[in-house]
2 protein chains.
Amino acid sequence: MLTLSEENYLKAIYHLGKFGSQSVSTNAIAEQIQTKASSVTDMIKKLAEKDLVNYKKYQGATLTESGRLTAASVVRKHRLWEVFLVENLNFKWDEVHEVAEQLEHIKSEKLINQLDAFLDFPTHDPHGDPIPDKHGNIKKTDKELLASLKPSDECLCVGVKDSSKEFLNYLDKNEIALGTHFKVMSKEDFDESMTILINNETKSISKTVSNNLFVKVI
Amino acid sequence: MLTLSEENYLKAIYHLGKFGSQSVSTNAIAEQIQTKASSVTDMIKKLAEKDLVNYKKYQGATLTESGRLTAASVVRKHRLWEVFLVENLNFKWDEVHEVAEQLEHIKSEKLINQLDAFLDFPTHDPHGDPIPDKHGNIKKTDKELLASLKPSDECLCVGVKDSSKEFLNYLDKNEIALGTHFKVMSKEDFDESMTILINNETKSISKTVSNNLFVKVI
DNA sequence: ATATATATTTAGCCTTGTCTAAATTTAATT
DNA sequence: AATTAAATTTAGACAAGGCTAAATATATAT
Ligand SMILES: [Mn+2]
Ligand SMILES: [Mn+2]
Ligand SMILES: [Mn+2]
Ligand SMILES: [Mn+2]
């Protein structure tokens, strides 16, 4: 059975290295987990010992199959809890993350599978991120960044790349949520800002924003 | 903010010493928490430092008001989660405790208050134990041990004193649950076993059993 | 190819919470 | 009251997980 700390390291590698398939640097993990590189080295060694990561000195780490499965399970729990908080406990999408960071470490097969059923087997969390199934598989839907669209393109908002409180609050203020319909009106060459039509209102959004919104073209 | 371990020590004192009002011995805490007396001494000192317990060498510990409130909050969370697991996630009353032991340490005011509302403000957990309100108060209902009743007394089962898996399984097997109606038919002088009427069936139960069932006389 | 900068690892220390063994205090018996 | 037993505390050690500073390896720039 893994500790909370070990689970967090596996999750970091999972997120930073394409589900753990790509090598992730010590520094990147330290940044993600808000710790020091030296602590990361220690922990990676321990995880390698337990056959959860592949590690070669100075070459970063990837997840083993066992490590990937564990990380996916933690992510699954995180996202299912986020759904529960929003759907049943009146949390807003910018309030769920910290609590889910705690709940994702609760150990009970039955709990998570029953929660999954209770929520009617959701496929995505409140930020549009896919929920791994109990075998760690995610079926990836095709989505792209709003920034990549051209004038006259229409799409639905299906996810956020940055799910920081600040960005989510910005979206709330501008009445942008999952499912919101966008039509690209124009794109400024100078700074790549966009004018888009939302609910019959035109709004100008910066490149930073369009680069952090996932959409599905329709 | 307290650690998981500190919370568990406070809870132990709360449970062993009448909500922490009575002095609890080092050994009793060690037994409850499954640790060694020397570890308890260390932790009690730390909690006294933080003004959560009153401690005098060799005299055991009581909870301060602050400690009592914290302990009650942990117990509140534990019991609310138990209700959730039984009511919404298909857990049986003998399956909830271990998971609640983990969930009780999740830190979020909003989470627990929303959970309380979601469950419609339950007053008792699946074992009949009262749920403290957000101020740590419990309104105690009058209940007594089945063992104290006399022939011809009738009552409803309102709680279990021992909520071990073994006892709960025994009750399941004998179709005894919260709300079950009992009528005492006779009491054996020799071993204090009782014959009671349950669902029009007479059953003989040992003193051990009648001493662990809380009932409300009607 | 060499020098410099950056990334990573190592070494040594710290805190939390635990343990065992020894010392001390309190409780129980003679 | 003196002795023995039991409970409690102290002393010293350890593992987990973290940190800082120093050493080493890799990457970048001259
Ligand atoms: Mn999240
Ligand atoms: Mn999310
Ligand atoms: Mn319980
Ligand atoms: Mn209970």
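Every chain is numbered from 1 and lettered A, B, ... according to where its sequence line falls, protein lines coming before strand lines. Just so it is clear, the model here is predicted, and its values are computed rather than measured.
When the side-chain nitrogen and oxygen atoms of Asn27(B) are compared with OP1 and OP2 of dT8(D), one or more of them lie within a distance under 4.0 Å. Of the side-chain N and O atoms in Thr26(B), one or more sit less than 4.0 angstrom from OP1 or OP2 of dT9(D). OP1 or OP2 of dT9(D) lies within a sub-4.0 Å distance of a side-chain N or O belonging to Tyr55(B). Of the side-chain N and O atoms in Lys36(A), none sit less than 4.0 angstrom from OP1 or OP2 of dA21(D).
Atom-to-atom, CD1 of Ile29(B) to P of dT18(C) comes out at 12 Å; the value is rounded to the nearest Å. Here dT25(C) presents its C1' atom at 16 Å from NZ of Lys56(B), a figure rounded to the nearest Å. Rounded to an integer number of Å, the gap from CD of Glu49(B) to P of dT16(C) is 12 Å. Gln34(B) places its CD atom 12 Å from the P atom of dT18(C), with the value rounded to the nearest Å. Atom-to-atom, CD of Glu31(B) to P of dT8(D) comes out at 12 Å; the value is rounded to the nearest Å. In this structure, the OH atom of Tyr58(A) is 19 Å from the P atom of dA5(C), given to the nearest Å.
In this structure, His97(A) has its ring center under 6.0 Å from that of His78(A).
Remark: Thr3(A), Ser5(A), Tyr9(A) in residues 3-25 of chain A come within less than 4.0 Å of DNA chain D through at least one heavy atom.
In this structure, Ser193(B) contributes its side chain and Ser206(B) its backbone to no donor-acceptor pair below 3.5 Å.
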Pairs of donor and acceptor atoms involving the side chains of residues 17-38 of chain A, under 3.5 Å and at least two apart or interchain, shall be tabulated with distances.
from	atom 1	to	atom 2	distance (Å)
Ser21(A)	OG	Lys18(A)	O	2.8
Ser23(A)	OG	Gln59(A)	O	2.7
Ser25(A)	OG	Ala28(A)	N	3.0

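Among the nucleotides dT10(D), dT26(C), dT9(C), the one closest to the side chain of Thr41(B) is dT10(D). The side chain of Asp42(B) has dC19(C) as its nearest neighbour among dT10(C), dT26(D), dC19(C).
The CZ atom of Phe91(A) sits 11.0 Å away from atom CD of Glu82(A), with the distance rounded to the nearest 0.5 Å. To the nearest 0.5 Å, the span separating CG on Leu85(B) from NZ on Lys110(A) amounts to 9.5 Å.
Each of Gln59(A) and Lys45(B) has a nearest nucleotide on DNA chain D; the 5'-most of these lies closest to Lys45(B). Each of Thr35(A) and Ser39(B) was matched to the nucleotide of DNA chain D holding its nearest heavy atom; the match closer to the 5' end belongs to Ser39(B).
Between Phe118(B) and Phe84(A), the ring planes lie perpendicular to each other; the angle is over 60°, past the 30° to 60° tilted range.
Checked by atom type, the side-chain pair Trp93(B)/Asp172(B) shows a donor-acceptor distance below 3.5 Å.
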